[in-house]
Every structure is written in C-alpha cells, then in structure tokens.
Amino acid sequence: PVVLSRYQEGYHWHHDSLPEGWMLKVVKPGRYRLRFTDSKKYPFSLDDFWKQHSQAKAVIKWKDNIHHELLKPGASFVDVSLTGGDGRLDVYFEVEKNGKIEKNWNSDISVEYLPNENL
C-alpha cells in the first residue's frame with residue numbers, strides 16, 4: 001500500500017489553504033482499498049472519531065466523479081473503483097453536527113490495489 005499524508009503530500013489550492021486531497025497518477029485502473037489512518041500533524045485518531053460520531057459517510061472524489069458511501073460505525077476503509085490517469089484524489093468524512101453536514105478531512109489515507117477484484 002501507498003500512504004498519503006495530508007500534511008506532506010496534500011494538495012493546497014494556495015500556500016495557506018488546508019490540504020484537499022492528493023495529485024496522483026493511477027497507472028492501473030480498477031478496485032482499490034482506501035484505508036483511513038491516524039494523522040499526527042492534523043490530530044486525527046480513527047478510534048476517537050468513531051467515539052464522537054455514531055454515523056458517517058465517506059466521500060471519495062476522483063477526477064470528475066464523486067462517490068458517497070455510508071459507513072458502519074468503526075469502519076476503517078472503503079473499496080472504490082478508480083479509472084486510470086492523472087487527477088486529484090480527495091477522501092474525507094461527512095458527519096452530521098447540530099443538524100448540518102460537516103466535512104471532517106483530517107485522516108491520512110493508505111491506497112492498496114485489490115488484484116483479486118480486478119480479474
């Protein structure tokens with residue numbers, strides 16, 4: 001798996017913006033597992049996240065496509081299809097807070113090609 005650090009490799013629209021995804025080149029199109037990982041720079045703990053939120057959606061943006069997936073409490077990954085080529089991958093959570101949808105993006109991500117699902 002490849003680990004994408006929000007702080008080190010994250011894409012910034014301008015020098016003081018928050019990192020919104022990563023610029024990638026997907027060489028092998030197919031199914032990938034995107035695993036949510038803890039981040040030290042932008043304090044994020046997956047365990048603490050699930051203690052604070054009983055429900056969340058994962059949002060995956062790749063090129064011009066947006067995929068939403070409702071997660072089960074405690075989920076640590078989502079499997080998605082990625083087309084080949086260059087683009088910006090962004091992965092974050094949407095959670096409801098006080099009746100509003102909020103974006104929680106602090107997680108780092110590991111990306112793993114799933115060869116058995118691409119036969």
Side-chain angles (χ1 to χ4, degrees):
V2 175
V3 176
L4 300 175
S5 165
R6 212 88 28 202
Y7 174 66
Q8 293 179 335
E9 293 92 23
Y11 179 79
H12 296 264
W13 290 104
H14 49 85
H15 72 282
D16 61 349
S17 68
L18 298 173
E20 293 190 30
W22 303 269
M23 297 305 293
L24 299 180
K25 178 175 191 161
V26 174
V27 178
K28 256 187 191 176
R31 297 286 292 169
Y32 285 81
R33 176 158 293 163
L34 307 179
R35 189 171 299 280
F36 314 116
T37 61
D38 295 348
S39 173
K40 292 182 178 92
K41 173 64 180 173
Y42 300 104
F44 180 84
S45 160
L46 190 60
D47 288 339
D48 289 345
F49 175 83
W50 284 116
K51 287 176 187 172
Q52 296 171 18
H53 306 286
S54 61
Q55 207 174 8
K57 251 189 229 178
V59 179
I60 299 92
K61 294 181 179 181
W62 172 240
K63 296 184 178 183
D64 295 325
N65 299 312
I66 299 174
H67 173 76
H68 294 83
E69 187 162 325
L70 187 60
L71 299 173
K72 293 179 181 177
S76 62
F77 66 89
V78 62
D79 293 343
V80 297
S81 294
L82 299 177
T83 57
D86 297 320
R88 183 170 60 92
L89 174 70
D90 197 7
V91 181
Y92 56 89
F93 298 109
E94 281 185 348
V95 295
E96 187 177 326
K97 187 171 182 181
N98 299 326
K100 294 182 180 180
I101 300 297
E102 213 174 73
K103 179 179 176 180
N104 182 311
W105 56 268
N106 288 340
S107 170
D108 289 344
I109 301 293
S110 71
V111 180
E112 180 181 1
Y113 184 71
L114 300 173
N116 293 334
E117 293 193 30
N118 293 295
L119 298 176

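Only heavy atoms go into these numbers, but all of them, side chains included; no hydrogens, no water, no symmetry mates. Position 1 is the first residue of the sequence, and the numbers go up from there.
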- request: State, with a plain yes or no, whether a side-chain heavy atom of Leu70 is found less than 4.5 Å away from one of Gln55.
  value: yes
- prompt: Checking Lys63 side chain against Gly84 main chain: does a donor-acceptor pair fall under 3.5 Å?
  reply: yes
Heavy-atom pair with the smallest gap, counting every atom of Pro1 and Ser110: CB-CB, 4.5 Å
- prompt: So does Glu112 have more than 12 non-hydrogen atoms from other groups sitting under 6.0 Å from CD?
  reply: yes
query: Short question: side chain of Trp62, backbone of Gly87 - any donor-acceptor pair under 3.5 Å?
result: no
- prompt: Are Phe77 and Leu46 in one and the same hydrophobic cluster, where Ile, Leu, Val, Met, Phe, Trp and Tyr link if side-chain heavy atoms are under 4.5 Å apart?
  reply: no
- prompt: Which value, rounded to the nearest 0.5 Å, describes the distance between Gln52 atom CD and Lys97 atom NZ?
  reply: 8.0 Å
task: Sort out for me which residue in Asp79, Val26, Val2, Leu114 forms a side-chain contact (heavy atoms from CB on, under 4.5 Å) with Tyr32.
output: Val26
- request: Could you tell me the separation between the OG1 atom of Thr37 and the CG atom of Asp108, rounded to the nearest 0.5 Å?
  value: 4.5 Å
message: So Phe93 and Leu71, do their side chains get closer than 4.5 Å, heavy atoms only?
response: yes
- prompt: From Asn65 CG over to Leu82 CG, what is the distance, rounded to the nearest 0.5 angstrom?
  reply: 9.5 Å
- request: Determine, using the 4.5 Å side-chain heavy-atom cutoff (strictly less than), whether Val91 and Phe49 are members of one ILVMFWY cluster.
  value: yes
From CD (Glu96) to NZ (Lys57), nearest 0.5 Å: 10.0 Å
message: If I compare all heavy atoms of Trp22 with all of Ser107, which pair ends up nearest, and what's the gap?
response: CH2-O, 4.4 Å
